[in-house]
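Worksheet: the structure to be examined is printed underneath.
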Amino acid sequence: MKEYIKRGLFSFAVSAFSGLTANLIIDSIVNAHTRDTFISMSPEFRAMFPTPAIAAYVNVLLYGTIGFAFAFMTFLFDMNRIGLLIQWLLYFVSTAAICIGITVLLWQLHRHPQALIMTLLGYATTYVILAVVQFRKLKQDVAAINRELNSDV
């Protein structure tokens, strides 16, 4: 479990830094071309905090939390007593709950039903693509192992 926590913490740092960097780049580009002060957070999210700076810090922490969840929850794939399909489903449900929950909070998607639906569809589509890629790689690995075992006989 210690290894998964380490992975989660590393992913937290990478995700928080990446989110911060992306926001900085977006804010800089938009603010360079407009007269308005742009902050890449929803006004509703910013209003939840006493200052925009605190909202920005929480925003970065939430980005990190998403990264932590995706890395930490990989422990499910080492649970040998359950099948791969169940592992994938558990990983999907657990990471979706965290990722979509945070996304709804950050972007206030519950106020924008179309955006919520598109976010859910995007997440599901991305996960299906990743699952297919993983499954194909797994099949290749099993085939290679079987070839190796059969060549030794």
Side-chain angles (χ1 to χ4, degrees), residues 1-27 39-42 44-113 115-153:
M1 192 56 75
K2 192 186 275 189
E3 183 62 33
Y4 297 105
I5 292 172
K6 285 180 187 177
R7 277 188 210 169
L9 292 174
F10 178 76
S11 187
F12 178 94
V14 169
S15 297
F17 180 76
S18 297
L20 177 65
T21 303
N23 282 357
L24 182 63
I25 291 169
I26 291 167
D27 293 353
I39 300 174
S40 53
M41 290 181 283
S42 72
E44 295 92 352
F45 180 76
R46 283 195 316 254
M48 295 169 54
F49 301 94
T51 67
I54 293 173
Y57 297 144
V58 171
N59 189 23
V60 171
L61 288 174
L62 291 173
Y63 287 152
T65 301
I66 291 171
F68 180 88
F70 274 90
F72 176 75
M73 295 308 291
T74 59
F75 81 87
L76 292 168
F77 294 109
D78 281 342
M79 297 176 72
N80 296 329
R81 296 180 188 257
I82 58 176
L84 184 60
L85 181 60
I86 301 298
Q87 290 171 337
W88 279 343
L89 289 172
L90 288 172
Y91 184 78
F92 173 77
V93 169
S94 60
T95 57
I98 293 165
C99 183
I100 292 172
I102 288 173
T103 304
V104 167
L105 176 66
L106 286 174
W107 296 339
Q108 299 293 298
L109 292 180
H110 56 284
R111 298 174 190 229
H112 311 284
L116 176 59
I117 290 167
M118 293 308 293
T119 300
L120 294 172
L121 288 173
Y123 185 81
T125 302
T126 300
Y127 196 82
V128 167
I129 291 168
L130 291 173
V132 168
V133 169
Q134 272 184 318
F135 184 73
R136 294 177 106 188
K137 176 71 173 120
L138 182 63
K139 277 181 64 174
Q140 289 174 349
D141 291 347
V142 169
I145 291 168
N146 286 337
R147 278 193 304 274
E148 191 68 31
L149 289 173
N150 290 333
S151 69
D152 290 341
V153 175

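What you see below is based on every heavy atom in this structure, not just the backbone, and it leaves out hydrogens, waters and symmetry mates. Remember, predicted model here, so these are calculated numbers, not experimental data.
A 6.0 Å sphere centred on CZ of F10 holds no more than 12 heavy atoms belonging to other residues, nucleotides or ligands. Within a 6.0 Å sphere centred on CG of N146, other residues, nucleotides and ligands contribute more than 12 heavy atoms.
Across all their heavy atoms, L105 and M48 have their closest contact at CD1-CE, 3.5 Å. When all heavy atoms of F49 and I54 are compared, the pair lying nearest together is CD2-CG2, 3.8 Å. Taking every heavy atom of both residues into account, R46 and I39 meet most closely at NH1-O, 3.3 Å. Shortest non-hydrogen contact noted between L84 and F77 is CD1-CD2, 4.4 Å. In terms of heavy atoms, S15 sits closest to G64 at CB-CA, 4.0 Å. Residues G67 and S11 approach most closely at O-OG, 2.8 Å, considering heavy atoms.
Within the 4.5 Å cutoff, the side chain of F72 has heavy atoms near those of the M1 side chain.
Of the inter-residue distances, the one linking I66 atom CD1 with I102 atom CD1 reads 4.5 Å to the nearest 0.5 angstrom. One distance of note links CE of M41 with CD1 of I26; it measures 12.0 Å at 0.5 Å rounding. Considering CD1 of I145 and CG of L149, their distance stands at 7.5 Å, rounded to 0.5 Å. A distance of 4.5 Å separates CG in L85 from CG in L89, rounded to the nearest 0.5 Å. Put simply, CG on L76 and CD1 on I86 are 11.5 Å apart, with the number rounded to the nearest 0.5 Å. The distance from the CG atom of N150 to the CD atom of E148 is 10.0 Å, given to the nearest 0.5 Å.
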* Asked: So F45 and V58, side-chain contact (heavy atoms from CB on, under 4.5 Å) or not? Walk me through it.
  -> CA-CA 10 Å; F45 180 76; V58 171; 3.9 Å; yes
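For residues 58-71, the set of pairs meeting the side-chain hydrogen bond (donor to acceptor under 3.5 Å, both in side chains) definition, not counting sequence neighbours, comprises N23-Y63.
Looking at residues two or more places apart in sequence or on another chain, you find a side-chain hydrogen bond (donor to acceptor under 3.5 Å, both in side chains) between Q134 and W88. Scanning for side-chain contact (heavy atoms from CB on, under 4.5 Å) contacts around A115 gives L109, H112, with sequence neighbours left out. Applying the side-chain hydrogen bond (donor to acceptor under 3.5 Å, both in side chains) criterion to Y127, with sequence neighbours excluded, gives no partner residue. Listed by chain and number, the residues in a side-chain contact (heavy atoms from CB on, under 4.5 Å) with T95 are F70, M73, Y91, Y123 (sequence neighbours excluded). With sequence neighbours excluded, the residues forming a side-chain hydrogen bond (donor to acceptor under 3.5 Å, both in side chains) with D141 are K137, listed by chain and number.
In this structure, T125 contributes its side chain and G122 its backbone to no donor-acceptor pair below 3.5 Å.
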